[in-house]
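Below, chain A is the first sequence line, B the second, and so on; all start at residue 1.
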Amino acid sequence: MRETVTNKIYVLPENGTSYKQLILPADVSLQAVYEAAEVHPMLRESLGTPVTWQVRNETSVRKAVLSPQLAPRFVAALLALSTVAEFGDGEMSLEAYLRRTDTRPEALIALHVPAEVRGRVMAESHVGRTPADEPIVSVRAALDVQNDVVTQARLAFTGAFRESARIAAEASKLLSGKKLDDDTIARVAQAVSEEVSPPDDFIGSEEYRREMVKVVTRRALEACKKEVK
Amino acid sequence: MAEKTNVTLTLNNETISFAVGEKDRLMDVLRANGYVSVKHGCETGDCGVCTVLLDGEPVRSCMLNAVDVAGRSITTLEGLSRRGEPLHPVQQAFADSGAVQCGYCTPAQMLTAKALLDKNPNPTEDEIRTAMDSVFCRCTGYVKTVAAIQHAGALLRGEEATTGEYLEIVAPPDAKTIDLPDIYRRRDGGRNPLPPLVITPPDMPKTNIVGKSQKKVDTQKLVRGYPVFTDDVQPDGMLYGALLTSPHAHAIIKNIDTTEAKAIPGVHAVLTYKDIPRVPYASGGQSYPNPHPYDQFSLDYKVRHEGDRVAIVAAETPELAQKALRAIKVEYEVLPAVLNAEDAMKEGAPVIHDEPDAVGIHDAKRNIVHRLESGVGDVDAAFAEADHIFEGEYRTQKQQHTHLEPHVCISYWDEDDRLVLRSSTQVPFHVRRMVAPLIGLPVKRIRVVKPRLGGGFGNKQEMLLEDLCAHLTIATGRPVRMEYTRKQEFTSSRSRHPNIIRYKIGVKDGKVTAADLYLIGDTGAYGTHGLTVQMVGGFKGLTLYNAPNSRFVSDVVYTNTPPTGAFRGYGATQCQFGIEVLMEEISEKLGLDVVDFKRNNWLKLGEPMYLARKLGEGREGFDQMLESSGLEQCVNVALQATDFYRKREAYAKQKGTKRKGIGMAVQMHGSGIAGLDMAAATLKMNDDGSFNLQMGATDLGTGSDTILAQMAAEVLGIPVEDLIVYSSDTDFTPFDTGAYASSTTYISGGAVRNVAEKIKKQIQEHAALMLEMDNPDALELRDRKVIAPDGRSVTLAEVALSSLHQQNQHQIMATASHISYTSPPPVATQFAEVEVDTETGEVTVERLLMVVDAGRIINPITAAGQVEGGVAQALGLARSEEMVFDDEGRQLTTTWGPYHVYSASEMPAVDVIFVQTNEPSGPFGAKSISEIAMDGVSPSIVSAIHNATGVWVRQLPLTPERVWRAIHAAKTEDVTMAEAVSA
Ligand code: FES
Ligand code: FES
């Protein structure tokens with residue numbers, strides 16, 4: 001029996017933030033996420049083409065998380081936004097949840113997308129065969145910046161690891177405590193290209209993907225830098 | 001028997017219950033219960049043509065189990081308006097806007113549009129495009145789809161709105177500038193659909209019905225989702241056929257055991273090569289005698305590509321058929337495979353056709369099917385005298401048609417023990433003749449019926465399922481249905497020939513005086529269209545610039561990949577890609593303006609086409625001359641509409657990583673095969689003055705039924721709705737070679753014009769009798785009447801009643817045929833505007849403008865639809881579509897995901913301008929339109945990329961990585977020109 005896809009999203013009010021904490025029940029449809037006014041644009045954008053309206057209607061958040069190849073950019077956006085998975089036995093970061101091998105589909109209850117931290121900057125960059133094709137590589141970056149210094153960074157990629165969506169953990173760490181200057185950006189872009197383990201196929205060779213990972217990381221971080229200013 | 005549950009739901013506002021199995025897909029349940037507007041296009045959830053509304057939201061019915069929608073509300077197209085009711089505004093808008101071509105995607109598109117407009121009554125163009133990303137259309141390029149939804153929105157909002165129109169301006173062919181309406185300059189950079197613009201010379205003869213945007217004669221049934229496609233009507237007692245295909249690229253079937261499969265209850269036949277006669281044949285639907293080689297057998301002991309035929313079964317249900325396939329035990333001896341043409345020709349390469357009984361292979365040991373050598377003039381002397389000699393090599397890839405309706409065939413015995421094949425074919429008459437020897441029946445015991453086609457683009461010019469289906473009906477005595485899966489469309493049907501195109505061009509005093517083309521054509525595992533595609537490629541690729549000294553050499557080569565075949569463009573697309581890029585490379589090298597250089601050299605009015613006699617299609621051709629050409633005006637209009645020179649200059653100076661580029665190409669095609677294609681049409685008058693128009697021509701969605709009816713209506717002075725159009729059925733319609741080679745408007749149109757003239761004469765004669773006149777020729781047919789010079793008249797209904805029941809009783813009826821010994825080329829120019837990201841190699845195509853001379857445009861809306869759809873397919877060829885194989889020959893691109901076709905939201909602006917000429921040999925001055933749109937997109941994009949970046953990319957598709965590598969290589973060493981062009 002297929003699960004029923006429902007359409008309720010819970011928003012927890014928190015003062016002083018632009019985007020409030022969001023609870024995405026596991027059985028909510030991706031279309032409901034796409035349409036919800038409270039959803040951060042980065043999440044919404046990640047559910048656009050090539051994820052189609054039909055797919056969004058038929059796919060629950062649970063299914064999207066458990067089969068990340070269905071909407072990899074959405075999962076990457078959730079990872080970048082430090083999403084927490086609530087399941088039968090408790091809570092853990094979505095990143096850790098995705099790594100678990102004993103994941104039972106029905107155990108996932110909801111995703112908690114934390115409220116936006118003051119000073120957070122976010123950006124997306126990708127390279128694709130055509131504008132509406134699944135990108136060859138893409139990055140979603142979420143950086144928390146206090147007094148020009150990055151306090152936490154999360155760079156989530158598609159097309160760069162064997163997994164459909166994954167955080168470049170080491171390179172993300174490199175950003176912490178740093179000013180977002182050109183030198184840091186270049187070093188992080190280089191570090192990402194060394195950290196990734198991209199597929200090698202006709203859509204993009206490993207060499208090309210590594211190079212493109214550098215380009216999209218640099219572009220996303222440069223966009224973040226502009227925001228900080 | 002699987003257990004059934006009763007599921008109750010609301011279907012089109014009525015409560016309804018179905019008994020369904022737990023795994024029954026909603027799509028199958030709906031179709032089995034008569035809701036056949038719900039279409040099937042794939043097994044992987046990619047195409048969206050099965051879309052229905054679930055509680056008002058679009059979902060793919062193939063991805064849902066019927067049990068899961070219990071208690072929910074489903075809407076199918078049948079629910080939008082019932083028979084006899086007015087159309088829903090969305091249906092009306094699709095019908096009026098020309099958004100319906102083959103109509104296979106149309107129900108899903110309209111339901112998605114309805115859902116969008118219910119939510120958002122006034123969507124932006126971008127919102128419409130994004131919503132439509134969920135339903136593929138392979139015919140339209142989405143231009144008219146967007147226009148239809150915009151129009152539907154306006155209708156639903158109660159606004160006054162018009163649609164389905166075109167603009168016309170009159171201008172002499174030699175006008176230096178044209179008063180071009182500003183919208184065609186696209187100064188806003190947008191991509192909102194524009195009406196086609198028709199530029200007409202002042203002396204063009206006036207017409208009443210021809211040349212107007214007549215609504216398509218088949219639109220109503222398509223927008224209502226009536227059962228018009230092959231699979232929409234199924235005979236009682238039908239069995240489900242299925243095909244076991246090879247998992248290996250090259251293998252011998254050492255042993256095949258069907259015992260277990262045959263023992264499954266409900267399985268009625270399991271056939272292998274041991275069970276049917278071994279008759280060599282060629283599957284390409286071509287005129288008698290089919291060109292060699294005859295290298296196929298309905299079932300064989302050897303497989304030569306992944307997806308090749310191994311065995312067939314017929315069973316009571318699709319599930320049982322699949323179970324039977326799984327139960328067949330095949331022991332293969334796997335052989336080494338060769339996957340590209342250059343390797344296949346090498347000494348020691350695996351021999352693909354070593355069977356002794358194949359007929360007509362040039363050199364089987366080297367996998368060379370054909371070696372073609374032809375030429376005119378003294379090429380070597382011309383090269384010796386040339387000021388400059390340039391050489392360039394270009395490569396094109398294997399492209400799949402991906403029509404939304406798969407190949408499907410239903411066979412059965414009729415009450416006279418004749419075998420009926422109801423098939424989605426472009427060539428019903430060829431199929432009847434070709435299938436006869438394979439199944440051991442005479443032609444007279446076979447009837448082929450072609451219902452509505454859900455697209456074909458050349459792929460249904462092959463006999464792919466008909467022989468197998470027939471064998472199963474003969475074996476079981478029962479009706480049998482066979483349909484390719486989407487994966488089988490990729491692995492077992494046909495595709496565009498990948499080509500290696502090597503040109504050598506000699507230039508003297510700015511003129512191309514010598515041309516040498518060596519073409520390697522990869523025909524895949526079987527020869528089918530190998531000969532003719534390369535001949536057409538050679539002819540068109542050498543005639544566009546028509547050097548008096550030309551040589552054509554081609555090797556057509558087997559590989560262990562799925563066979564190639566006919567695909568819109570048919571070799572001309574590949575060769576014109578090569579010559580157009582090379583001509584621009586030469587102009588750059590010589591410091592000449594590219595337009596001037598091409599203009600100085602392209603085929604001119606009154607010029608003989610030097611290779612026309614030498615390079616016919618599969619045989620010697622006929623001498624031909626260019627008798628109409630608006631190419632000069634096409635290019636002038638495009639230069640104006642794009643502000644080409646200003647942009648070209650500015651773009652060449654750009655710095656930075658995002659760079660614009662503008663490029664151009666010119667192209668020519670043909671109108672049917674000279675001296676070979678023949679069509680016939682029959683007209684029969686009815687009691688009320690209406691007519692049956694029966695044609696062998698097959699409308700694949702192109703609108704040919706409509707334009708042919710327009711031609712008949714023009715001659716007979718009646719509206720198109722007075723014609724009952726029927727095509728095609730080998731029992732009831734006269735012969736036509738079929739819908740291919742851009743022949744329908746020109747050849748079938750000639751037949752329709754001829755028969756209409758005959759009928760006109762019969763009507764005049766009978767009316768003269770009624771009016772007691774002795775000069776029938778003086779009678780005019782107009783407004784459903786026959787009018788005498790003195791003002792007296794009789795209606796056509798009166799003529800019909802009189803001739804059938806009263807005076808000189810006889811049936812006013814005639815059949816006429818048409819053949820032409822010339823194939824007048826439509827000519828065109830394609831302009832492309834792009835943005836290139838020099839860091840990533842991404843190319844965003846922003847605008848594609850095609851200005852085309854297709855002679856008289858019989859119907860501007862359907863003609864524009866042909867161009868827009870062709871341009872979209874050509875864009876896929878240029879940018880993303882490629883069939884890719886692993887080292888063992890297994891295809892990696894058997895779904896629409898990795899094999900990416902352009903969707904609605906990413907299409908650039910696609911604009912169409914017609915420059916009309918009056919082709920003296922064409923019906924009403926018409927030439928063809930359907931294929932030429934394929935030819936110019938790739939070279940014009942390469943030209944634009946070069947304008948943006950300074951690099952040449954000589955291999956398709958223009959993927960980001962390929963462009964990035966070209967840019968990268970140019971940065972590290974200056975190879976821009978030196979690599980492929982040497983002076
Ligand atoms: S998506 Fe349902 S048939 Fe293709
Ligand atoms: S009209 Fe859309 S697929 Fe043919």
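Of the listed residues D201(A), I203(A), T49(A), the one with more heavy-atom pairs under 4.5 angstrom with chain B than any other is T49(A). Ranking D886(B), V963(B), L116(B) against chain A, the residue ahead of the rest is L116(B), based on heavy-atom pairs under 4.5 Å. Per-residue heavy-atom pair counts under 4.5 Å with chain B were compared for D133(A), V55(A), I136(A), and the maximum is reached by D133(A). Heavy-atom pairs under 4.5 Å with chain A were tallied for A904(B), A115(B), G45(B), G48(B); the largest tally goes to A115(B). Residue with the most contacts toward chain A among G841(B), P898(B), S905(B), S903(B): P898(B) (heavy-atom pairs, distance under 4.5 Å).
From R129(A), atom CZ reaches atom CG of L958(B) across 13.0 Å, with rounding to the nearest 0.5 Å. How far CH2 of W964(B) is from CE of M212(A): 5.0 Å, rounded to the nearest 0.5 Å. Rounded to the nearest 0.5 Å, atoms SG (C62(B)) and CD (Q54(A)) are 10.0 Å apart. How far OG1 of T959(B) is from OH of Y208(A): 7.5 Å, rounded to the nearest 0.5 Å. Separation of atoms CZ (R60(B)) and CH2 (W53(A)) is listed at 14.0 Å; rounding is to 0.5 Å.
Within 6.0 Å of the CG atom in N6(B), the count of heavy atoms belonging to other residues, nucleotides or ligands exceeds 12.
Only the side chain of V215(A) has a heavy atom closer than 4.5 Å to any heavy atom of chain B. Of the atoms belonging to T840(B), heavy atoms from both backbone and side chain fall under 4.5 Å from chain A. Heavy atoms of S880(B) lying under 4.5 Å from chain A belong to its backbone as well as its side chain. Residue contact with chain B, scored on non-hydrogen atoms closer than 4.5 Å, is absent for V216(A). Heavy-atom distances place no part of E134(A) under 4.5 Å from chain B, backbone and side chain included. Of the atoms belonging to P957(B), not a single heavy atom falls under 4.5 Å from chain A. Interface residue V884(B): only side-chain heavy atoms are found under 4.5 Å from chain A. S61(B) does not touch chain A: none of its heavy atoms, backbone or side chain, sits under 4.5 Å away. Both the backbone and the side chain of T112(B) come within less than 4.5 Å of a heavy atom of chain A.
Considering every non-hydrogen atom in both P960(B) and G128(A), the closest pair reads CG-O, 3.4 Å. Taking every heavy atom of both residues into account, T52(A) and D133(B) meet most closely at CG2-O, 3.8 Å. Nearest heavy-atom pair, R879(B) versus T130(A), reported as atom, atom and distance to 0.1 Å: NH2-CA, 4.3 Å. Closest non-hydrogen pair, T844(B) versus P131(A), comes out as CG2-CG, 4.3 Å.
Contact of the L54(B) side chain with the E58(A) side chain is not registered, since no non-hydrogen atoms from C-beta on lie closer than 4.5 Å. Taking 4.5 Å as the limit, some side-chain heavy atom of E35(A) sits within range of a side-chain heavy atom of K119(B).
In this structure, R219(A) pairs ionically with D837(B), as a charged nitrogen and a carboxylate oxygen lie closer than 4.0 Å. Between E839(B) and R218(A) there is a salt bridge, with a side-chain nitrogen of the basic residue lying less than 4.0 Å from a carboxylate oxygen of the acidic one.
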**Request:** Report the C-alpha separation of E207(A) and R965(B) in whole Å, then their side-chain angles, then the decisive distance to 0.1 Å, and conclude whether the salt bridge (charged side-chain N to carboxylate O under 4.0 Å, His left out) test is met.
**Result:** CA-CA 11 Å; E207(A) 180 199 1; R965(B) 287 192 184 281; 2.8 Å; yes
